[in-house]
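Reading through the structure tokens given below for one structure.
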Amino acid sequence: MANVIIVGMQWGDEGKGKIVDLLCPAFDGVVRYQGGHNAGHTVKFRDRHFALRLIPSGILRPEMACFMGNGMVIAPDAFLEELDQLAAFGVEVQGRLFVSNRAHVLLPFHAAVDRAREAAGGGNRIGTTARGIGPAYESKASRYGLRTCDLDAPDLEERLAILRRRATMELASLGAATRATAGAPATSATSETPATAEAPAEASATAEASETSEITACAEQCRAWAERLRPHLRDTEQLLNAWIAGGRSLLFEGAQGTLLDIDHGTYPYVTSSNSTAGGACTGTGVPPTRIDGAIGVLKAYTTRVGGGPFPSELGDARGDFLRQRGNEFGTVTGRPRRCGWLDTVVARYAQLLNGIDTVALTKLDVLDDFDEIPVCVAYRLDGRELRELPPDRRCLERAEPVLRVFKGWQRSTAGILEESELPAAARTYIDFIEQELGAAVTLVSTGPRREETLLRDHPTLQRLTSGRLGQVLEQR
Ligand code: GDP
Ligand code: IMO
Ligand code: MG
């Protein structure tokens with residue numbers, strides 16, 4: 001049985017949630033391996049519509065087991081809110097949603113630091129989702145982070161004191177809020193300063209008392225979270241490897257996209273985890289020798305949210321058209337997404353880094369009305385043509401796109417399920433992508449809903465779905 005990684009080939013929001021949900025009938029479980037509630041994965045079928053942030057998209061299929069791996073950073077309040085939303089939709093999760101007890105906990109301290117850094121602005125602004133993702137991974141890498149198994153640990157207060165102290169120091173240096181514990185509304189450093197100056201000894205006693213009460217409140221909150229999380233906590237690496245040994249297949253659901261990867265992305269305008277395929281192993285404890293392939297999700301054009309270089313970006317009416325037609329507004333933050341043409345420098349890089357076996361091409365329908373569809377195939381920089389992504393962000397910022405222009409098809413592709421019904425010009429566009437990537441496009445998505453997806457009966461897709469393509473088609 002095949003274990004397969006789904007990975008975004010651009011800057012996120014490629015439609016990973018839709019593809020994961022669609023392919024579920026070929027797998028027994030879905031696993032998230034990195035990121036946190038910065039992700040927003042939309043799943044639509046028939047008249048139903050869900051946006052998942054932390055919990056794997058497979059949860060909407062009642063027969064699927066879902067796992068949240070050790071590589072994730074989990075905000076318990078966001079997780080519990082999502083559980084409540086799912087319950088309100090009638091989705092039962094008991095006994096099939098398992099959270100790694102080694103995953104790190106994202107606390108309100110982390111979000112406060114993220115917000116303060118972004119608010120401080122200047123050249124360091126990344127345009128994050130302000131959820132605390134970077135600071136949570138920093139705590140992990142600095143080895144003072146809290147893991148889900150620590151939420152009711154005997155030394156919880158001590159550990160929270162360290163976290164609070166570090167956050168407070170940074171917040172103070174940024175001139176921002178100093179109170180950021182669970183449940184406590186953040187107030188600004190200046191508004192906390194008493195109107196009448198206290199004697200130093202009194203001030204220090206007040207600060208100490210406030211610290212103690214904040215930590216006590218936060219510890220209480222953590223213990224309450226631990227109660228609700230406990231039924232889901234498992235040694236997921238044991239569970240996942242036992243599943244594989246028992247012949248069950250897993251679908252690994254990537255969040256963000258290749259160009260947002262902390263190592264390989266457009267640094268520093270990236271997220272703080274490994275969103276490329278390698279992250280699926282470190283983020284779950286499933287070894288590389290148990291992985292059978294990767295499906296790259298590629299949007300037929302490009303979008304990005306937040307700051308950072310974007311060589312094929314459109315600053316004109318065509319970009320606005322893509323945004324409106326593609327409904328390119330952030331699932332998590334509602335921010336308008338920046339839009340541009342497909343960039344095959346980016347896509348080839350993603351193919352290379354993830355070892356993409358086959359491509360799911362999404363949102364082809366959004367291009368339906370264009371008479372001409374340019375594709376960025378290289379970058380022009382200082383009189384040279386680059387076919388590979390340069391590491392230096394300043395080079396990328398100056399790079400001019402080298403465009404190859406394709407003829408538009410100017411008719412609706414929405415909901416096409418048969419390859420023979422695709423307009424010839426759309427077929428040419430897809431053929432070109434296949435040539436550039438050296439990988440077959442075996443899924444073509446032409447609408448947001450599960451049922452609006454064309455699947456090709458191709459040997460690679462047959463292999464990656466363990467011969468269960470028939471079930472995927474039946475339940476599409
Ligand atoms: P993800 O983060 O990669 O899961 O992607 P998002 O869910 O954030 O963004 C993709 C958006 O495009 C969602 O609103 C989807 O419902 C929508 N979508 C996905 N595939 C298609 C498609 O083929 N056509 C259209 N028009 N919309 C799509
Ligand atoms: P999905 O899984 C698009 C972007 C943010 C910002 C950068 C860093 O839905 O594709 P962070 O909050 O992670 O520290 O922000 O990464 N970003 C995303 N962009 N889709 C996402 O997730 C993203 N998750 C983070 O906009 O530029
Ligand atoms: Mg998204």
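Ligands are counted one by one from 1 in listed order, and the atoms in each one are counted from 1 as well.
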Would a distance-only check, ignoring hydrogens and angles, find a side-chain to backbone donor-acceptor pair under 3.5 Å from Asp357 to Ala294? yes
Roughly how far apart are Ser466 OG and Asp292 CG, rounded to 0.5 Å? 7.5 Å
Close-range residues for ligand 1, whose non-hydrogen atoms fall below the 4.0 Å threshold: Asp13, Glu14, Gly15, Lys16, Gly17, Lys18, Gly40, His41, Thr42, Lys44, Thr331, Arg337, Lys363, Asp365, Val366, Ser445, Thr446, Gly447, Pro448
Can you measure from CE (Met72) to OG (Ser273) and round to the nearest 0.5 angstrom? 9.5 Å
Between ligand 2 and Val270, can you find any atom pair, the residue atom being a heavy atom, that is separated by under 4.0 Å? yes
For atom CD of Gln475, decide whether the heavy atoms of other residues, nucleotides or ligands shown that lie under 6.0 angstrom number more than 12. yes
For the CD atom on Gln410, are there more than 12 heavy atoms of other groups (residues, nucleotides or ligands in this structure) within a distance under 6.0 Å? yes
Taking the non-hydrogen atoms of Lys16, is any one of them nearer than 4.0 angstrom to ligand 2? yes
Under 4.0 Å, counting heavy atoms only: does Arg131 come that close to any atom of ligand 2? no
More than 12 heavy atoms of other groups within 6.0 Å of Tyr267 OH: no
Mark the output for Tyr269 as yes if a heavy-atom distance to ligand 2 is under 4.0 Å, and as no if none is. no
Atoms in ligand 2 with a heavy atom of Gly306 nearer than 4.0 Å: 27 (O)
Would Arg166 pass as a cation-pi partner of Tyr144, given that its NZ or CZ must be under 6.0 Å from the six-membered ring centre and within 45 degrees of the axis? yes
Can you name the atoms of ligand 2, numbered from 1 with element, that are less than 4.0 Å from a heavy atom of Ala255? 2 (O)
Neighbouring protein N, O or S atoms of the Mg ion (ligand 3) [cut-off: under 2.8 Å, no waters]: Asp13 OD1, Gly40 O
Going by the closest heavy atom to atom 14 (O) of ligand 2, which one wins out of Thr128, Asn38, Thr303, Leu260? Thr128
Determine, considering heavy atoms only, which of Ile262, Val305, Asp13, Ile133 sits nearest to atom 21 (C) of ligand 2. Asp13
Among non-hydrogen protein atoms, atom 13 (O) of ligand 2 lies closest to Thr271 OG1, 2.6 Å
So is Gln256 polar-close to ligand 2, meaning N/O to N/O under 3.5 Å? yes
Nearest neighbour in protein (non-hydrogen) for atom 12 (O) of ligand 2: Thr129 OG1, 2.6 Å
Counting each atom of ligand 2 from 1 as listed, which ones have a heavy atom of Trp11 under 4.0 Å away? 3 (C), 19 (N)
With the threshold set at under 4.0 angstrom, would you say Gly40 reaches ligand 2 through any of its heavy atoms? yes
Contact between ligand 2 and Gly127 is defined here as a heavy atom of the residue under 4.0 Å from a ligand atom; is it met? yes
A student checking ligand 2 against Arg335 at a 4.0 Å heavy-atom cut-off should list atoms 5 (C), 26 (O)
Of the backbone atoms (N, CA, C, O) and the side-chain heavy atoms from C-beta on, which set of Arg304 has a member under 4.0 Å from an atom of ligand 2: side chain, backbone, both, or neither? neither
Any carboxylate oxygen within less than 4.0 angstrom of a Lys/Arg side-chain nitrogen, looking at Glu452 and Arg449? yes
Using the rule side chain to side chain donor-acceptor pair (under 3.5 Å), only one of Thr302, Thr303, Thr266, Thr271 pairs with Trp11; which is it? Thr266
Report yes if the side chains of Arg53 and Glu82 come closer than 4.5 Å at any heavy-atom pair, otherwise no. yes
